[in-house]
Amino acid sequence: MARPRVNSDDHLLDAADAVLSRTGSARFTLEMAAREAGVSAATFVKRFGSKRELLIASSQRWVDAIDLDDAGRPGEPILAALRRLSVESYTDSDDPDQAGNHVSSLAMDLGDPELTRLLAVGWDKKRRQLHAVIARAVESGELPGAPLPPAAARTLFALLEGTFLGWTVQPHGSLIDTLGDEFDRLITTWT
């Protein structure tokens, strides 16, 4: 009979993600993640096999966490839900060093076909999430000047990612505040 797992995959991935935010993918090691999780590096090797497989598992978890059914919390105005879904997903990058580490991880992802595929799946899923909320806002008359929802979602997503990359290179103030300001400017042109 197999021994029960003391540490869940989520616990190990949480630890790995915390280290990745601090170090980026290039400097990240299984030993660093193991220290963060309070386990041996062998636990990570046994569970995930390699650094690459761990990065794939982390990316897959990120993709799975994008909730296509999140079109707003009970009582939450549609535009508030759209702002939350647009801006809050960058909360873990509100520190310039962590943002830089996320960008360095992006560069590493683009060098690996499976990580690139997962990035594309996640970005597509995020655009579909934004599309659904924008469509509700258009239907309710809250965004009368918006382009068709698919184009509006692509525009909003490009604005968010572009602002994130620009802020990472030249951080001024808070990323979350900057994204919120850019979101508000765009939405104002659609209302």
Practice prompt. Quick one: closest heavy-atom pair of K51 and S25, and the distance?
Written response: NZ-O, 2.7 Å
Worksheet item: About how many Å separate OG of S89 and CG of L179, when rounded to the nearest 0.5 Å?
Response: 8.0 Å
Fill in: Lys/Arg-Asp/Glu bridge criterion (N-O < 4.0 Å) met for D9, R61
no
Fill in: Note: R22-E36 ion pair, threshold 4.0 Å (strictly below)
yes
Worksheet item: Do any N or O atoms from the side chain of W167 and from the backbone of H172 form a donor-acceptor pair under 3.5 angstrom?
Response: yes
Worksheet entry | Check ion pair D181-R185 (N to O, under 4.0 angstrom) | no
Worksheet item: Does the side chain of T116 come under 3.5 Å of the side chain of D109 through a donor N or O and an acceptor N or O?
Response: no
Worksheet item: Would you say the side chain of F48 lies within less than 4.5 Å of the side chain of L12, judging by non-hydrogen atoms?
Response: yes
Fill in: Stepwise side chain to side chain contact (heavy atoms under 4.5 Å, CB included) test for V138 and W190
CA-CA 9 Å; V138 168; W190 293 349; over 6 Å; no
Discussion item. Show the nearest heavy-atom pair for residues L30 and S50, with the distance to one decimal.
Written reply: CD1-C, 4.2 Å
Worksheet item: Can you tell me how far CG of L110 sits from CE of M108, rounded to the nearest 0.5 angstrom?
Response: 11.5 Å
Fill in: Heavy-atom side-chain contact between L119 and S59 under 4.5 Å
no
Worksheet item: Distance-only, no hydrogens or angles: does the H102 side chain make a donor-acceptor pair with backbone N or O of S93 under 3.5 Å?
Response: no
Worksheet item: Any luck finding a side-chain donor-acceptor pair between T43 and S40 under 3.5 Å?
Response: yes
Worksheet, complete the sentence: All heavy atoms of F183 vs all of V87, minimum pair found to be CB-CG2, 4.4 Å
Discussion item. Would you call the rings of Y90 and F164 parallel, tilted or perpendicular, taking 30° and 60° as the class edges?
Written reply: tilted
Item to complete: Indicate the atoms forming the closest heavy-atom contact of I66 with G122, along with that distance.
Response: CD1-O, 3.4 Å
Worksheet item: What distance do R136 atom CZ and L82 atom CG have between them, rounded to the nearest 0.5 Å?
Response: 10.0 Å
Worksheet entry | E76 side-chain N/O to R73 backbone N/O, donor-acceptor pair under 3.5 Å | yes
Discussion item. Under a 3.5 Å distance rule, please check whether T163 uses its side chain to pair with a backbone N or O of L160 as donor and acceptor.
Written reply: no
Practice prompt. For A33 and A16, work out which heavy atoms get closest and say how close.
Written response: CB-CA, 4.0 Å
Fill in: N/O donor-acceptor pair under 3.5 Å between S58 side chain and L54 backbone
no
Discussion item. Please determine whether side chain to side chain contact (heavy atoms under 4.5 Å, CB included) holds for the pair D124 and R128, giving the CA-CA distance in whole Å, both sets of side-chain angles, and the decisive distance to 0.1 Å.
Written reply: CA-CA 6 Å; D124 179 62; R128 286 186 292 144; 3.2 Å; yes
Discussion item. With side chain to side chain contact (heavy atoms under 4.5 Å, CB included) as the criterion, how do L20 and N101 come out once you've worked through the C-alpha distance, each side chain's angles and the decisive distance to 0.1 Å?
Written reply: CA-CA 7 Å; L20 282 164; N101 290 332; over 6 Å; no
Discussion item. Between L55 and D112, is the side chain to side chain contact (heavy atoms under 4.5 Å, CB included) condition met? List the steps.
Written reply: CA-CA 11 Å; L55 295 174; D112 181 287; over 6 Å; no
Response to the item:
Nearest heavy-atom contact between Q98 and S21 is CG-O, 3.3 Å
Discussion item. Let me check something: do L148 and L130 share a hydrophobic cluster, defined by ILVMFWY side-chain heavy atoms less than 4.5 Å apart, either directly or through other members?
Written reply: no
Worksheet item: Is a donor on one side and an acceptor on the other found under 3.5 Å between the side chain of Q129 and the backbone of D67?
Response: yes
Worksheet item: D94 side chain to L175 main-chain N or O, any donor-acceptor pair under 3.5 Å?
Response: yes
Worksheet item: Which value, rounded to the nearest 0.5 Å, describes the distance between S86 atom OG and K126 atom NZ?
Response: 6.5 Å
Worksheet item: Where the side chain of R47 meets the backbone of N7, is there a donor-acceptor pair that is under 3.5 Å apart?
Response: yes
Worksheet item: OG1/T23 to CG/D97 distance, rounded to the nearest 0.5 angstrom?
Response: 11.5 Å
Practice prompt. Return yes when atom CG of L68 has more than 12 non-hydrogen atoms of other residues, nucleotides or ligands closer than 6.0 Å, and no otherwise.
Written response: yes
Worksheet, complete the sentence: To the nearest 0.5 Å, atom CD1 of I134 lies from atom CD of E142 at 12.5 Å
Discussion item. Strictly below 4.0 Å, N to O, side chains only: are E114 and R117 in salt-bridge contact?
Written reply: yes
